[in-house]
Amino acid sequence: MPKTVITSPVQVQKHAGQVEEPRQSMLLWHKIALGVILAIAAFFNFFALDKQDFYEYYYAAAVKSMQLNWHNMLFAAFDPGGFLAIDKPPLGFWTQALSTRIFGYSVFSIALPGALAGVLTVAVMFHLVRRTFGPLAGLLAALVLALSPINVVTDRNNIVDGVLILVVLLATWMMSKATETGRLRWLCLCAVLLGLGFNIKYLQAYMVIPALVLVYWLGAPLTKRKKIFHLALAMGVLLLISLCWVTIVDLTPPNQRPIIDSITSDSELDLAFGYNGAFRLNADNNVINYWAWEIGRPGIARFFIQPMAGQCGWLLPLALVSFFAWSRTRRKRQAYNRQDQAFVLWGSWLSIMLIFFSAAHFFHLYYLSMLTPAIAALVGAGIALLWQAYCRYGWHGWLLPYTLLATGIIQALFLIAYPMWSTMLAIAIAALSTALVLVRGQRFSSTKTRQQLHRQDARAKKAHVATRQHAANSDISHPIVEQHWQHITMFITAIGLLSLLLAPTAWITLALNPGGRVLPIAGPLLPKTRVSPLIADPVLEKYLLAHKGQAKFLLGTMNTEVASPFIIDTEQPVMALGGYGGNKSFLTRDQLIQRVDHGQIRFFLMPGSKDPTANWILSNCHRVPDKQWQSPNTTKYSVDGLWLYDCKGHA
C-alpha cells in the first residue's frame, strides 16, 4: 500500500483537510432543493415589485440625474443641475442607473439590481457553507438567508445594501480560498471586492475585515512573516480601490463639482469617516431619542425588542449556541481545519456585528442585513455539528433539542403581542423538542452501564478496547433499529427547524405591501412605518415651466424631500439649499443673491425658516398668490406649509 510522505506544515494542513473534510457531491434532491430555495428567494424579492413606491425619493432623484449626463454620473449628483451630491458613494447607484438605461426609468428598474443581488446572495451563501460543511448544511443556510425578513425588505427597495451584501460575500469567498491555499491572488481579489464595497456604502463594507483577517491569520498555511507581508499588500490594494473615487472628488475644485451633502466640510473623505462613520457611534441624545421607536436604545437588549427583534433575531440564539458548541468541542491545540476556519470566520463576523449594533447610537434597521449572513451560516453549520453530537453519547448531544426549545421560547416572546401565534409556536416547538429528548434518552439509556463494563474489560483485554467501544457507542449489532431511529429523529429535527422559520416567513409576508410608500421594515406595519408619498403639484410644475424663462434651475427648495418629486417628474434642475436635512443652507446669502442676479434661479418653494439665506428669500422676494400655482386640493401634494416666492427683480 503506498504511503504519503509529509515533509512540511503546508502538506500537513492539506493532508488533514483531505482526510477530515472530504468533498460531498451534490445529489439530485440537493439540486432540486436548491432550485426551490432560489425560487422562494426570487418570489419574495420580486413579488409585486412594480406596484410599490420608492422608499428614498432622494436616491431615486439622484438616479434620474445620473442618467442624464456623465458629469452627474461621476459625482453622484442629486439634481440634474449638479448643485448637490448625495451622501453615499456612487457604485451601487450606478447599477440602478444602468438598469434604468436598459429598462426605462421606473420603480421596478431601480429596485431590480437589489432584487437580483438578493437572489444571488442566497446562491453564494449556499456555496460558501456547502464547500465546507456539505450540501445539507448549505441548503439550510441558504434557506435561512432567503427567509431573513430584513434582507427581503432591503432587497426590494431602492437602497443599495443588498448589492453591498453580495459584494461582501463574494469577498468572503475569495478570503476562504486565500486561507485554504495561501495564494496572494485570492487575497488581493478579496481586497478589490471590499474596496468596491467601500464605494457602495463606505465603512459598512469594512465591518467584516477583522473577521476576514483573523481567519486568514489562523488558517493560512504560511509563515507569520509571509502572512504579514500578504496582508500588507492586500491592505494597499484595498486602500487604492477604496479611495480612488473619493480622491478624484476631493481633488476636483469645488466650483467644478456638486456640493457634498450632509457635511459642512465639502469633503467625501470626511463624509465617509464622519457622517457615515463616527457619527453612527457618537450621535447625541436627540438623535437617540428620535430613532428609539425604530432601533431602541443602545445595548444588547435592543436585539430582543420589537421591531428590531423581528428583523433578524428569530434564529440568533441558535446561531450563538452553534458557535458555543464548536468552541467547546474543538481541541485547543489542534490545527485549524477548514471547518474550524469557517466557524472562526462566521463567529467573529457575528460577534463584531452584535458589538457594533449594540453600541451604535444611530442606524436604520436595514443596516442589520450585515448581520444575517453570519446567522445563516452558523445555523447551517451549527445544525450539522449539533446533529453529530446528538447522535453520540455525551452532554453535547442534548444541545440540539434544548437549543430548539430555547429558540422557540424566545420566538414566542417576540410574538407576545400576537397570543395565538405565540401559543401555537410554543406548543409545536415544545412538543418536537420533547420528542427529541425522549428519543435520545431511549437511545442512550444504558450507555453509561455499557461503557463501565467496557472499561472493566479493557483492563483484561486491551487489544479489543477500540472494537468494543465502537460497538457500544454505535449499536452496530442492530443496524435496522439504528437506521429507523435516525430517520425518526431527522424527521423531527427537520420539522422543528421549519417551525422556527414560520415566524420569519410571516414577517416577510406581512411586509409584501403591493402599494404605497413604506419604510423597509418587516412585520406588521407600525404607525411610523407608512410614509406619505412625495407628489409634486402638477399645476405648480406647469406654472414653473411656463415662467422660469432662461433660468438654469426650475426651482429652489430648502430640502431634498421637496425637491425630489420635481426632479423625477420634469428632469429639470432643482436646487436643494439645505440638502437632505434642510436645516441650514449650503450657500451664504451673498452667494444666493449672486446666483439670482445672474439669472440662474428665480423661484423658491419655501417654509418658514431661521436660516439667514432662507430668511433673505422670505424677506426680499415676491410671494406668488396661491391661486396662481396651487391645485384646488393640496392635501395629496407635497406643498403643505410651503409658499412660492418669485425673486425676479428682488428688493
Side-chain angles (χ1 to χ4, degrees), residues 41-70 72-73 76-81 84 86 88 90-121 151-166 200-201 366 508 511-521 529-538 540-542 545 554-555 560-574 576 580 636-638:
F43 170 78
F44 282 129
N45 281 9
F46 284 93
F47 175 78
L49 195 62
D50 58 335
K51 299 294 192 298
Q52 65 183 20
D53 197 1
F54 295 119
Y55 160 58
E56 275 288 4
Y57 281 77
Y58 177 56
Y59 297 138
V63 172
K64 172 73 79 170
S65 302
M66 288 182 196
Q67 68 177 9
L68 295 178
N69 60 68
W70 290 109
N72 290 345
M73 177 75 78
F78 162 73
D79 61 283
L84 187 73
I86 57 175
K88 295 292 185 291
L91 186 55
F93 299 104
W94 287 349
T95 64
Q96 296 180 4
L98 177 62
S99 179
T100 59
R101 281 281 189 180
I102 298 173
F103 301 105
Y105 187 90
S106 66
V107 174
F108 177 83
S109 62
I110 288 180
L112 179 61
L116 284 175
V119 178
L120 292 175
T121 298
N151 282 71
V152 173
V153 296
T154 299
D155 295 338
R156 291 173 53 83
N157 243 292
N158 68 320
I159 48 182
V160 294
D161 292 61
V163 178
L164 174 64
I165 300 302
L166 175 61
I200 294 175
K201 213 168 177 202
Y366 54 83
I508 295 172
L512 295 181
N513 183 26
R517 184 188 180 201
V518 295
L519 298 178
I521 299 177
T529 303
R530 187 177 291 278
V531 185
S532 300
L534 300 180
I535 306 175
D537 189 334
L540 174 57
E541 289 180 343
K542 291 179 181 179
L545 290 170
L554 176 72
L555 182 66
T560 58
E561 185 176 68
V562 176
S564 296
F566 291 95
I567 295 172
I568 294 171
D569 288 351
T570 68
E571 298 186 0
Q572 293 287 318
V574 179
Y580 189 84
K636 64 179 181 179
Y637 302 120
S638 307

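Everything quoted here is computed from the prediction, not taken from an experiment. Values reported hereafter were calculated over all heavy atoms of this structure, with side chains retained and with hydrogens, waters and symmetry mates removed.
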**Q.** Closest contact, heavy atoms only, Val574 versus Ala563
**A.** CG1-CB, 3.5 Å
Q: Look at the side chain of Ser99 and the backbone N and O of Thr95, then say whether any donor-acceptor pair between them is shorter than 3.5 Å.
A: no
Q | Pro573 to Gly81 - nearest heavy-atom pair and separation | A | CB-N, 3.4 Å
Q. Any side-chain heavy atom of Tyr57 sitting closer than 4.5 Å to one from Thr560?
A. no
(Q) Taking side-chain hydrogen bond (donor to acceptor under 3.5 Å, both in side chains) as the definition, give me every residue that meets it alongside Asp155, ordered by chain and number, with sequence neighbours left out. (A) none
Q. Do Leu540 and Tyr637 touch side chain to side chain, with heavy atoms closer than 4.5 Å?
A. no
**Q.** side chain to side chain contact (heavy atoms under 4.5 Å, CB included) evaluation trace for Tyr580 with Glu561
**A.** CA-CA 7 Å; Tyr580 189 84; Glu561 185 176 68; over 6 Å; no
Q: Find out whether Val531 and Leu519 are in side-chain contact, i.e. whether some heavy atom of one side chain is under 4.5 Å from a heavy atom of the other.
A: yes
Q: Report the distance from atom CG of Leu166 to atom CG of Asp161, rounding to the nearest 0.5 Å.
A: 12.5 Å
(Q) Filter on ring pair (Phe, Tyr, Trp, His ring centres under 6.0 Å), then keep only pairs touching residues 96-118, sequence neighbours left out; what's left? (A) none
Q: State the CD-CD distance between Gln96 and Gln67, to the nearest 0.5 angstrom.
A: 11.0 Å
Q. Yes or no on side chain to side chain contact (heavy atoms under 4.5 Å, CB included) for Met66 and Phe93, after CA distance, side-chain angles and deciding distance?
A. CA-CA 9 Å; Met66 288 182 196; Phe93 299 104; 3.8 Å; yes
Q. Are Val107 and Leu49 side-chain neighbours, meaning at least one heavy-atom pair lies under 4.5 Å?
A. no
Q) Hey, is the main chain of Asp53 close enough, under 3.5 Å, to the side chain of Arg517 for a donor-acceptor pair? A) no
Q) Roughly how far, to the nearest 0.5 Å, is CD1 of Ile200 from CG of Leu91? A) 4.5 Å
Q.
For Val160 and Leu164: C-alpha separation, side-chain torsions, deciding distance, then whether side chain to side chain contact (heavy atoms under 4.5 Å, CB included) applies.
A. CA-CA 6 Å; Val160 294; Leu164 174 64; 5.9 Å; no
Q: Give the intermediate values and the outcome of side chain to side chain contact (heavy atoms under 4.5 Å, CB included) for residues Val119 and Phe46.
A: CA-CA 10 Å; Val119 178; Phe46 284 93; 4.2 Å; yes
Q: Tell me, please, which residues at least two apart from Ser106 pass side-chain hydrogen bond (donor to acceptor under 3.5 Å, both in side chains).
A: Ser109
Q. Atom OG of Ser564 and atom CZ of Phe78: how far apart are they, to the nearest 0.5 Å?
A. 3.5 Å
Q. Does Pro533 reach the side chain of Phe54, with side-chain heavy atoms less than 4.5 Å apart?
A. no
Q.
Once rounded to the nearest 0.5 Å, what's the spacing between atom CG of Asn72 and atom OG of Ser65?
A. 6.0 Å
(Q) Looking at Asn157 and Ile159, would you say the former's side chain and the latter's main chain have a donor-acceptor pair under 3.5 Å? (A) no
Q: Would you mind reporting whether Val152 and Asn45 have side-chain heavy atoms less than 4.5 Å apart?
A: yes
Q) Atom CD1 of Ile521 and atom CZ of Arg530: how far apart are they, to the nearest 0.5 Å? A) 12.5 Å
Q. Is there a donor-acceptor pair closer than 3.5 Å between any side-chain N or O of Arg156 and the backbone N or O of Phe44?
A. yes
(Q) With heavy-atom distances below 4.5 Å as the criterion, would you say the side chains of Asp569 and Glu541 are in contact? (A) yes
(Q) Treating Asp79 as the side-chain partner and Leu84 as the backbone partner, does any N or O pair qualify as donor plus acceptor under 3.5 Å? (A) yes
Q. Which atoms form the tightest heavy-atom contact between Pro80 and Ile567, and what is the distance?
A. CD-CG2, 3.6 Å
